[in-house]
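The sequence lines fix the lettering, A, B, ..., with proteins before strands; numbering per chain opens at 1.
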2 protein chains.
Amino acid sequence: MTNGKTDDAELPECQQDRAIEDFHRALGMITGKWKGEILWQLVQRKHRFGELLRAIPGVTQHMLTTQLRDLEANGLVKRTAFPEIPPRVEYEITEAARALRPVYDELFRWSQAHFSTLHPPSTPDSDESAAPLTHP
Amino acid sequence: MTNGKTDDAELPECQQDRAIEDFHRALGMITGKWKGEILWQLVQRKHRFGELLRAIPGVTQHMLTTQLRDLEANGLVKRTAFPEIPPRVEYEITEAARALRPVYDELFRWSQAHFSTLHPPSTPDSDESAAPLTHP
DNA sequence: TGACCTAGTATCAAAAACATGACTAATGGA
DNA sequence: TCCATTAGTCATGTTTTTGATACTAGGTCA
């Protein structure tokens, strides 16, 4: 790891700053208490507002609206409002958000590897790595 | 994209919840205003506290301590205190944190692809994609 | 006429994250 | 004796994020 075969280790300093800045901005786009759940729902199929509200337990109307607007502003979801009464609004994931897939995959893969050797956060369970997770 | 060749699309529901939970936990570990900068410094070489404080402009003692403790608690940095006067404490990145590398790489790659087609956040610059970034 | 539906807003409260400045401990050197 | 040094802690304040509740619009249906 010290033979410097990584890409950004050889970047000039001004571009390192740039890299950190971009990284932070991208990170800000996917952090948010409900964004993960929202994208997870939308990656499977298109949802309308009320469906998301019911599909994500614990989220409030207000937060769902806020997070969706945020995702929309960052080009991660597409909002389509139909001029009907009662109103109908559909949310779907964009290609840009689908391109985030490798990020999610890598982070998930890492979490699997890391959490299996680390003590759990608060669940006093016995076995973590091999249990088939019979839901309680 | 709809032919379902992705891994977790076929996971049973209980493990989907698990996946989201793990994902969120992992995300929480790397989100924090200064964690990116801290890890960026530590990935290059081991630092002592004061060095980090000077290397990261804008961070306060308090926040640096807080973020470092958080990273340490999650097994991402290793803290070594030497029984000397004046005190000397060295921080270095762990293997677990080094394994995060693909996550960072993918997110950075995504940010490059995504931000080049999106309007910038607040910098009223002319060209974003091809400029060699002569630092201002 | 009035209750009902959906996808929101508006307002305020609570909690979490972040920032600021003062303070501490132990020791070597002036 | 007293000051400088390092890596913090402590108390407090501000900002950001999240939550709870009530309210709106406009057409349909009874």
#### Entry: Nucleotide dT18(D), atom P - distance to CG of L68(A) in whole Å
13 Å
### Query
Rounding to a whole Å, what distance do you find between L64(B):CG and dG21(C):C1'?
17 Å
### Query
Under 4.0 Å between a side-chain N/O of R48(A) and OP1 or OP2 of dA7(C), yes or no?
yes
### Query
Of the non-hydrogen atoms in H24(B) and G32(A), which two are nearest, and what is the gap between them?
NE2-O, 4.1 Å
## Note on the structure
Taken to the nearest whole Å, CZ/R69(A) to P/dA7(C) is 12 Å
### Task
Please check the phosphate of dT5(D) (OP1 and OP2 only) for any side-chain N or O of R88(B) closer than 4.0 Å.
no
## Note on the structure
On DNA chain D, more 5' by nearest nucleotide between H62(B) and T60(A) is H62(B)
### Nucleotide dA14(C), atom P - distance to CE of M63(A) in whole Å
17 Å
### Summary
K35(A) NZ to dT17(D) P, in whole Å, measures 9 Å
### Task
For DNA chain D, find the residues of residues 76-87 of chain A with a heavy-atom distance under 4.0 Å and give them by number; none if there aren't any.
I85(A)
### Task
Look at K33(A) and dA16(C) and indicate whether a side-chain polar atom (N or O) is within less than 4.0 Å of OP1 or OP2.
no
### Query
Nearest to the side chain of F49(B), which nucleotide is it out of dC18(C), dG8(D), dA7(C)?
dG8(D)
### Message
From NE2 of H47(B) over to C1' of dA7(D), roughly how many Å is that when rounded to an integer?
### Response
16 Å
### Query
Within this structure, what is the CD-to-C1' distance between E72(A) and dA7(C), rounded to whole angstrom?
13 Å
### Task
Name all residues meeting the salt bridge (Lys or Arg N to Asp or Glu O under 4.0 Å) criterion together with R109(A); count only those two or more places apart in sequence or in a different chain, and write none if there are none.
E106(A)
### Task
Before accepting this row, confirm whether a basic side-chain N of the pair K35(A)/E37(A) lies closer than 4.0 Å to the acidic partner's carboxylate O.
no
### Task
Identify whether any heavy atom of E51(A) sits under 4.0 Å from a base atom; if not, whether one sits that close to sugar-phosphate; answer base, sugar-phosphate or nothing.
nothing
### Query
In whole angstrom, what separates E90(B)'s CD from dT6(D)'s P?
14 Å
### Message
Less than 4.0 angstrom between a side-chain N/O of Q61(A) and OP1 or OP2 of dA20(D), yes or no?
### Response
no
### Task
Run the salt-bridge test on E92(B) and K78(B) with the 4.0 Å N-O cut-off and return the result as yes or no.
yes
### Interatomic spacing from CG in L27(B) to CZ in F108(A) - rounded to 0.5 Å
13.5 Å
### Query
What nucleotide, of dG8(D), dA7(C), dT18(D), holds the atom closest to the side chain of V89(B)?
dG8(D)
### Query
Given side chains that start at C-beta, do those of V43(A) and Y104(A) come closer than 4.5 Å, heavy atoms only?
no
### Message
Between W110(B) and A97(A) (side chain of the first, backbone of the second, donor and acceptor by atom type, cut-off under 3.5 Å), is there such a pair?
### Response
no
### Task
Ignoring the backbone of W34(B), work out which of dA19(C), dG19(D), dT6(C) is nearest its side chain.
dA19(C)
